[in-house]
Trainee: 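Right, I'll just put the structure down here and ask away after.
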There are 2 protein chains.
Amino acid sequence: MSEDPEGDTLAKGRPTLRLQDVAEAAGVSIATASRSLSRTAGVSEEVAERVRGVARDMGYVANVHARSLAGGASRSVGLVVHEIGDPYFTEIASGVLRVGAREGLTVQICHTGRDPQQELEQIRTLIANRVGAIVIAGSGFVDPADQAAAKADLASYRRFGGRVAVIGRHHLSADAVLPDNLTGGRAVARHLLDLGHRRIAVVAGMRSLTTVADRLAGIEEAFAAAGIPFADVPVVEAPFTRLGGKQAAEEILAAHPDVTAILALNDDMAIGVLSVLRDRGIAVPGRMSVTGFDDVAVAVDLAPALTTVRLPMVDMGEQALLMALKEPSARPRRRTAECDLVVRDSTAVPES
Amino acid sequence: MSEDPEGDTLAKGRPTLRLQDVAEAAGVSIATASRSLSRTAGVSEEVAERVRGVARDMGYVANVHARSLAGGASRSVGLVVHEIGDPYFTEIASGVLRVGAREGLTVQICHTGRDPQQELEQIRTLIANRVGAIVIAGSGFVDPADQAAAKADLASYRRFGGRVAVIGRHHLSADAVLPDNLTGGRAVARHLLDLGHRRIAVVAGMRSLTTVADRLAGIEEAFAAAGIPFADVPVVEAPFTRLGGKQAAEEILAAHPDVTAILALNDDMAIGVLSVLRDRGIAVPGRMSVTGFDDVAVAVDLAPALTTVRLPMVDMGEQALLMALKEPSARPRRRTAECDLVVRDSTAVPES
DNA sequence: AGCGCTTTCGTAAGCGCTTTCGGTTACTGT
DNA sequence: ACAGTAACCGAAAGCGCTTACGAAAGCGCT
């Protein structure tokens with residue numbers, strides 16, 4: 001045991017090295033050591049470099065808790081998602097983690113499980129944890145009271161230097177990166193209409209989600225532009241998940257057996273739709289065209305490869321965090337992410 | 001602004017309420033308040049309940065940094081993964097996050113990007129962050145020096161109360177939850193052999209990963225049991241990703257056009273293989289059977305639905321964290337996760 | 001009544017860091 | 001040579017909490 005100098009030091013009663021240990025080793029005060037390591041002005045470059053060298057050699061890593069308790073600012077950020085297993089959030093998380101790693105920030109990820117109460121609680125915890133920034137990717141407030149409470153908390157958080165960015169919704173008066181859902185919705189709908197489909201069904205998530213509302217609005221526009229009434233189009237609401245897609249597909253097949261295309265409002269639901277169609281022996285795109293939205297990683301590898309709307313989710317995650325990290329601006333910034341139609345093999349001209 | 005009482009209080013110069021504010025409001029000392037909130041002995045239940053009530057009403061949330069700086073113990077845990085976008089890690093993360101939420105712990109997720117240096121650094125950061133437990137799901141140490149360094153750090157971390165659990169490898173002498181890769185490998189291989197396949201190719205990740213090695217060993221056992229030589233079986237190593245699967249498939253198709261089954265060592269690679277076969281117009285399972293490993297969420301929704309080995313990844317994530325949270329035991333605990341063969345539509349009796 | 005004991009609560013000492021403020025030194029100008 | 005300035009560094013005061021430790025109060029006992 002004593003042949004291991006580091007283990008020995010640590011065994012002296014402390015789990016890790018303290019700044020004081022580094023300062024002593026370098027022959028300076030802890031104030032100087034602190035300034036050297038955090039690159040604050042007031043130390044000659046010569047001394048600072050020496051201290052940093054000593055710290056590096058000793059394997060010193062600052063205690064974040066002490067750091068943020070003393071300094072206020074924190075080297076960690078929070079990410080709120082509905083469910084990390086949902087590929088939409090997975091990719092966003094990937095982007096956020098990537099930027100986090102690059103900037104030397106630790107990322108705390110919170111599940112809300114699509115429960116507004118949980119969401120509020122998670123946001124509060126994040127604030128209490130004094131994270132430097134909060135990225136809210138999954139926000140599902142429906143009750144105005146909850147939303148107001150969150151808004152108030154975030155406002156006071158921001159007032160004290162906290163940064164907030166929201167992805168996909170613009171209801172918390174924070175910086176936001178917003179996919180151009182309207183254009184995307186218009187594009188898929190138009191694609192289907194251009195192919196000649198007239199009996200189209202829409203598989204949607206809950207309309208209370210702005211994402212759903214925007215995509216639907218785009219679709220409606222496309223119908224209007226084509227001079228086709230949208231009122232008769234069946235829009236089935238179901239959970240924004242694969243299972244929800246299955247349920248919706250069953251429902252459509254039962255109630256509207258004559259539809260020739262199913263337009264799902266996200267890929268996860270589209271995958272559910274495809275699996276139901278496969279089980280029923282309904283050929284895609286032969287007898288039924290199917291479209292998704294998001295272009296999750298597997299979309300291209302499905303059979304048939306899914307026609308969908310590409311959303312740069314990893315990018316959006318990166319952008320959101322970067323935006324939050326920037327100097328705060330007086331009024332919320334907006335950044336729109338392009339939605340591009342990606343035509344693959346799940347759509348075709350309708351049969352006869 | 002003054003009509004918002006909470007905003008007003010907060011605006012007094014502090015981002016959030018302090019324990020002292022609660023103590024004053026409840027008419028007790030901060031020591032008593034602390035004890036009441038953390039449910040430490042030494043306070044009458046009556047007083048404690050009152051303090052908790054006050055705190056709840058005020059919306060007080062303790063500052064974790066102060067908490068863990070003072071108390072040592074921390075209410076957060078770390079999770080190390082290669083890449084959150086990889087579905088294997090996504091599901092594990094989902095399990096860890098679920099337990100975290102249930103236990104009121106915040107979870108810090110770190111990407112290693114499959115880089116051992118990054119991994120080491122991330123582990124060190126987590127230790128410096130004083131997380132209460134570390135779950136290492138993606139460990140890719142190959143250089144013994146790196147591994148030893150990590151082991152030393154983790155050992156000293158544990159000596160001071162830190163908890164460590166590893167998923168899928170058992171090289172850091174920590175608690176581990178280990179999928180029964182051997183049995184799983186044996187099962188898929190046997191399935192293919194039972195169907196009558198004799199010209200089988202294996203699509204593997206890097207052999208240096210114990211996961212890969214174990215699964216291969218199981219496969220070899222199945223061949224041995226069937227009295228079929230394994231030496232001639234082509235084993236193509238490629239990155240453990242969808243793209244790797246594609247590369248491997250191309251290679252196999254070029255070098256061994258006569259194989260009737262491709263056994264991929266994870267689903268991601270299998271998905272890549274399937275997409276190559278689809279592009280080439282090779283029918284699955286008609287002309288080629290394909291198997292995966294892991295049973296990621298989409299496996300069942302692929303076309304054809306993938307025959308694979310189910311690994312309870314969400315469960316494994318939950319188990320790992322729960323295990324780490326338990327009282328530490330003298331010697332590392334092991335928990336094996338069952339691997340069940342799931343036969344679906346991507347395998348069949350070979351043609352002719 | 002006085003003694004020890006237990007229970008309940010408050011006082012105060014840190015946890016490891018950042019940062020203000022004051023002191024020291026080195027340098028300029030006269 | 002000396003005042004004035006700037007650059008650098010150290011002492012010490014917290015950040016908000018936990019947790020010894022000690023004080024006070026209530027209890028049964030002699």
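Note that the structure is predicted; figures quoted are calculated from it, not measured. Per chain, numbering begins at 1; letters A, B, ... match sequence-line order.
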Trainee: For A/Arg67 and C/dC15, what is the distance between atoms CZ and C1' respectively, to the nearest whole Å?
Mentor: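 In whole Å, C/dC15 C1' lies 16 Å from A/Arg67 CZ.
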
Trainee: Rounding to a whole Å, what distance do you find between A/Leu69:CG and D/dG14:C1'?
Mentor: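 Value for this atom pair: 9 Å.
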
Trainee: Among the candidates C/dC9, D/dC17, D/dC9, find the nucleotide nearest to the side-chain atoms of A/Val43.
Mentor: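 Closest nucleotide to the A/Val43 side chain: D/dC9.
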
Trainee: Send over the distance from A/Ile30 CD1 to D/dG10 P, rounded to a whole Å.
Mentor: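 Interatomic distance, CD1 of A/Ile30 to P of D/dG10: 11 Å.
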
Trainee: Going through the distances and angles, do B/Gln20 and B/Glu24 end up as a side chain to side chain donor-acceptor pair (under 3.5 Å)?
Mentor: CA-CA 6 Å; B/Gln20 190 182 338; B/Glu24 279 170 10; 3.2 Å; yes

Trainee: Output a table of nitrogen or oxygen pairs between the protein and nucleotides 20-24 of chain C separated by less than 3.5 Å.
Mentor:
from	atom 1	to	atom 2	distance (Å)
C/dT20	O4	A/Arg35	NH1	3.4

Trainee: So, for B/Asn63 and B/Tyr60, which heavy atoms are closest and what is the spacing to 0.1 Å?
Mentor: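 Minimum heavy-atom contact is N-OH, 4.5 Å.
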
Trainee: Could you give the distance from CD1 (B/Ile123) to CG (B/Asp153), rounded to the nearest 0.5 Å?
Mentor: 8.0 Å

Trainee: Could you report the tightest heavy-atom contact between B/Leu178 and B/Gly168, atom names first, then the distance?
Mentor: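 Heavy-atom minimum between the residues: CD2-C, 3.8 Å.
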
Trainee: Without decimals, in angstroms, what is the distance between B/His65 NE2 and C/dG16 P?
Mentor: 16 Å

Trainee: Return the set of residues passing salt bridge (Lys or Arg N to Asp or Glu O under 4.0 Å) with B/Glu49 (not counting sequence neighbours), or none when no residue passes.
Mentor: B/Arg52, B/Arg56

Trainee: Under 4.0 Å between any heavy atoms, over every strand shown, what does B/Val64 touch: base, sugar-phosphate, or nothing? Just pick one.
Mentor: nothing

Trainee: With nearest nucleotides of DNA chain C determined for B/Ala33 and A/Ala66 from heavy-atom distances, which residue corresponds to the more 5′ nucleotide?
Mentor: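 By nearest-heavy-atom nucleotide position, the 5'-most residue is B/Ala33.
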
Trainee: Give the C-alpha distance, both sets of side-chain angles, the deciding distance and a yes or no for side-chain contact (heavy atoms from CB on, under 4.5 Å) between B/Val81 and B/His111.
Mentor: CA-CA 5 Å; B/Val81 299; B/His111 261 186; 4.1 Å; yes

Trainee: How close or far is atom P of C/dC9 from atom CD of B/Glu45, stated in whole angstroms?
Mentor: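 After rounding, the reported distance stands at 11 Å.
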
Trainee: Does a side-chain N or O of B/Tyr60 approach OP1 or OP2 of D/dC17 to a distance below 4.0 Å, or not?
Mentor: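 So the side chain of B/Tyr60 is within the cut-off, an N or O lying under 4.0 Å from OP1 or OP2 of D/dC17.
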
Trainee: Would you write out the dot-bracket form of DNA chain D, 5' to 3', with Watson-Crick and G-U pairs under 3.5 Å, [ ] for crossing pairs, | for pairs to other strands and . for unpaired bases?
Mentor: ||||||||||||||||||||||||||||||

Trainee: Nearest to the side chain of B/Thr32, which nucleotide is it out of D/dC17, C/dT18, C/dC9?
Mentor: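 My answer, after comparing the listed nucleotides, is C/dC9.
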
Trainee: According to the interplanar angle, ranging from 0 to 90°, do the rings of B/His65 and A/His65 count as parallel (below 30°), tilted (30 to 60°) or perpendicular (above 60°)?
Mentor: tilted

Trainee: How long is the span from the CG atom in B/Leu97 to the CD1 atom in A/Ile84, to the nearest 0.5 Å?
Mentor: 6.5 Å

Trainee: For A/Leu69, is there any backbone N or O sitting under 3.5 Å from a side-chain donor or acceptor partner on A/Arg130?
Mentor: no

Trainee: Starting from P on C/dC9, measure out to CZ on B/Arg50 and report it in whole angstrom.
Mentor: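 That distance rounds to 9 Å.
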
Trainee: Closest approach to the side chain of A/Leu19, judged atom by atom: which nucleotide of C/dC17, D/dC17, C/dG10 is it?
Mentor: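 Nucleotide nearest to A/Leu19's side chain: C/dC17.
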
Trainee: Where is the tightest heavy-atom contact between B/Leu321 and B/Val96, given as atom of each residue plus distance?
Mentor: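 It is CD2-O, 3.6 Å.
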
Trainee: With a 4.0 Å cutoff (strictly under), does any side-chain N or O of B/Ser34 reach OP1 or OP2 of D/dT18?
Mentor: yes

Trainee: Identify which nucleotide among C/dT11, D/dC17, C/dG16 has an atom closest to any side-chain atom of B/Ser29, counting heavy atoms from C-beta outward.
Mentor: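 The answer is C/dT11, which lies nearest to the side chain.
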
Trainee: Calculate the interatomic distance between A/Arg18 atom CZ and C/dC17 atom C1'; express it in whole Å.
Mentor: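 Atom CZ in A/Arg18 sits about 11 Å away from atom C1' in C/dC17.
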
Trainee: Quick one: A/Leu37 CG to C/dT18 C1', roughly how many Å, whole number?
Mentor: 12 Å

